[in-house]
Each structure stands twice: as C-alpha cells, then as structure tokens.
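Written below as structure tokens is the structure these notes are about.
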Amino acid sequence: MTELITKLVQYLDYPFVRYALIAGVLIALCSSLLGVTLVLKRFSFIGDGLSHVAFGAMAIAAVLNLTNEMLLVLPVTVLSAILLLAGGKNRKIKGDAAIAMISVGSLAIGYLIMNLFSTSGNISGDVCSTLFGSTSILTLSKLDVWLCVILSVVVVAVFVLFYNKIFAVTFDESFAKATGTNAGAYNLLIAVIIAVIIVLAMNLVGSLLISALVIFPALSAMRVFKNFKAVTVCAAVFSVVCALLGILVSVLAGTPVGSTIVGVDMLGFAVFYIIGLIRRK
C-alpha cells in the first residue's frame, strides 16, 4: 500500500497527470449536472448523437490540419444540437429518429474522410483513440486545460443561474409554458450546454463512451434519492469521485482512461443499486 501511494505521488509530479485530473473532474461535474435533466426528459441518447457529430467534425479538422480542432468541432456540435432539437419537434422526424440519422451519418462520414484524406500512417490508432479516448486526456496542453476550465465555469454558472427554469422545463414543460416560461428557449439552452460538454468529454472518454458520463451518475443517484436537487448534488459528487478514481487507476495500471472511468461508474451504479434495494426494504 505504501509503495502504491509513493508511486502515485511520483506520478502527480508530472504536469500531464495534474492536467488530466483537473480536466477530468471538471468534465465529470458538468456532465452530471445536465445528465439528470436528460434522463428525466428521456433524451439521454442525445449524447451519443452529438458525440458522433463531434467525431465527424474532428476528422474534418484533422484533414484541414487545424492547430486547434475545437474551433471547428465546437460550433458544428452546437449547431447539430440545435438541429436535433428542431428535428425532435418535427412531426415527420421524431427525436429518436433524428438522433439516429445524425449519429450514424456523422460517424460514417468522419471515418470515410479519415480514410480518403489520411494525414497519418496509423488510421486505426487515430480512430480508436478518438472513439475510446485511450490516451488523449494524458496529452492535454496548458491551453487545453484553461479552455476546459473556462467552458466548465460557464456551464456551471448557466446551470446555477437558470436552475429553477431548467427544473420547470424538465418536469412539466406544458405547465412551464402556461406560467409564461419560454420552454423552447430553455430547451435550446440545455441542448447547447450538452453540446459544449460533449466536446469537452471527447478528450476524456472518447465519442463512444460519452453517454456513460451523462447517464450513470444520474441513474445511480436516482436509486437512492427522489428529490431533484438531492439527485443532482449526489450525481455531481458521484461523477467527480468516479472520474478521479478512474484516472488514478488508469495511470497506475496503464489501462485506457475512458474505459476505466466507465468501469468505475458501473461499479458505483451497482453499489447504489444495492443501497437503493436495502432502503426500500
């Protein structure tokens, strides 16, 4: 045990490990805040759809040799979030169908572009890293970390400032409209925030595992608590702790960061599920 702690302290001396921990905690916190809302609105898979859009945009950015991929990935993902929201209100294209269309299309186009205009000799490795976030979180620069901090502060501030409106739109959109709340605008705000979170989380767990950061904390907290505020706070704490443990285990054991974090989330969900069963009995 002492040897393990000594090894961990040695790793923490490296800047890239500290950067990964800072970014991981902030991304996990932001994901959990909106995760409760998405789960309750039965719109959890928007994370999958937007993450695949971000993958396609990232492939285009790589082909164009952009120094900062986020300059292209972020606006494209935000625009897609707005289109998904509009698609969900269209009677001809329901919400789940719109997500499936954009998700599969973006993933296919992204992989096609990476093959046709390859700028790397290891396409499979690049695709695997983007999809599963194997090492990208450990190669963050100081600029990436600062950008993550700024966007995370904006996301948390927006959630806190509009908490009551988000709560109203989440539980009873019709009643919120009747009381004069512009439900459409707040749904749009939620979609844009989720898009920002998805882009941030790409470096942490990759595009295929992003939904885990959104869904597991919310579902775990709901096993134990029934109050919206209590569920949100519990989900945030759960997500941050799992992200910290996942990154530390990944660094020490040499396992992929994204998969390790999701594995810790699954174990945490199992623990909360058992606690929920015990409380009900």
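What you see is a predicted model, and the numbers here were worked out from it, not measured in a lab.
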Atom pair [atom1]/[atom2] of [X] and [Y] - distance to nearest 0.5 Å:
X    : Y    : atom1 : atom2 : answer
S259 : M266 : OG    : CE    : 11.0 Å
S31  : I193 : OG    : CD1   : 12.0 Å
I194 : C30  : CD1   : SG    : 9.5 Å
C242 : L267 : SG    : CG    : 8.5 Å
I166 : F159 : CD1   : CZ    : 5.5 Å

(message) Just so I know, are the side chains of F228 and V36 near enough to count as touching, which here means a heavy-atom distance under 4.5 Å?
(response)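 Counting from C-beta outward, F228 and V36 do come under 4.5 Å.
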
(request) May I ask you to test the V214-L34 pair for a side-chain heavy-atom distance under 4.5 Å? (result)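 Heavy-atom side-chain distance check fails, nothing below 4.5 Å.
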
Co-membership, hydrophobic cluster, residues [X] and [Y], 4.5 Å side-chain:
X    : Y    : answer
V271 : I215 : yes
I275 : L245 : no
V192 : V76  : yes
V233 : V240 : no
V158 : V196 : yes

(message) Apply ring pair (Phe, Tyr, Trp, His ring centres under 6.0 Å) to residues F167 and Y186 and explain how you reach the verdict.
(response) CA-CA 10 Å; F167 172 82; Y186 287 104; over 10 Å; no

If you compare all heavy atoms of [X] against all heavy atoms of [Y], which two are closest, and at what distance to 0.1 Å?
X    : Y    : result
S239 : A28  : OG-O, 2.8 Å
I261 : G246 : CG1-CA, 3.9 Å
I27  : C148 : CG1-SG, 3.9 Å
S32  : A236 : OG-CA, 3.1 Å
L21  : L248 : CD2-CD2, 4.1 Å
I22  : V149 : CG2-CG2, 4.3 Å

(request) Anything under 30° is parallel, anything over 60° is perpendicular, the rest tilted; go ahead and classify F216 against F269. (result)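 F216 vs F269 ring planes: perpendicular.
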
(message) If we ignore hydrogens and angles and just use 3.5 Å, is the side chain of R279 paired with the main-chain N or O of V224 as donor and acceptor?
(response)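 Flag set: sc R279 to bb V224 pair under 3.5 Å.
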
(request) Could you please spell out the steps behind the side chain to side chain contact (heavy atoms under 4.5 Å, CB included) verdict for V155 and I197? (result) CA-CA 8 Å; V155 168; I197 293 170; 4.1 Å; yes

(message) Determine whether L189 and F162 satisfy the following criterion, side chain to side chain contact (heavy atoms under 4.5 Å, CB included), listing intermediate values before the conclusion.
(response) CA-CA 10 Å; L189 178 65; F162 298 104; 3.9 Å; yes

(request) Please say whether more than 12 non-hydrogen atoms of neighbouring residues, nucleotides or ligands are located less than 6.0 Å from OH in Y163. (result)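 Check passes, neighbour count above 12.
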
(request) Identify which one of V153, V154, V160 satisfies the side chain to side chain contact (heavy atoms under 4.5 Å, CB included) criterion when paired with V156. (result)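 The single option meeting the side chain to side chain contact (heavy atoms under 4.5 Å, CB included) with V156 is V160.
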
(message) Connecting only ILVMFWY residues whose side-chain heavy atoms lie within less than 4.5 Å of each other, what is the rest of I278's hydrophobic cluster?
(response)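 Hydrophobic cluster check, I278: joined to I274.
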
(request) Take V262 and L213, measure what side chain to side chain contact (heavy atoms under 4.5 Å, CB included) needs, and give me the verdict at the end. (result) CA-CA 7 Å; V262 175; L213 291 183; 5.8 Å; no

For [X], side-chain contact (heavy atoms from CB on, under 4.5 Å) partners two or more places apart:
X    : value
A230 : F225, N227
A221 : V231, C234, A235
I150 : none

(request) May I have all residue pairs that pass ring pair (Phe, Tyr, Trp, His ring centres under 6.0 Å) and include part of residues 237-256, sequence neighbours excluded? (result)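 Qualifying pairs, neighbours excluded: F238-F272.
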
(request) Apply side chain to side chain contact (heavy atoms under 4.5 Å, CB included) to M222 and V39, showing your working. (result) CA-CA 10 Å; M222 288 175 185; V39 169; 3.8 Å; yes

(message) Under the rule for side-chain hydrogen bond (donor to acceptor under 3.5 Å, both in side chains), what residues qualify as partners of T260, not counting sequence neighbours?
(response)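 Partners of T260 by the side-chain hydrogen bond (donor to acceptor under 3.5 Å, both in side chains) criterion, ordered by chain and then number, come out as T255.
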
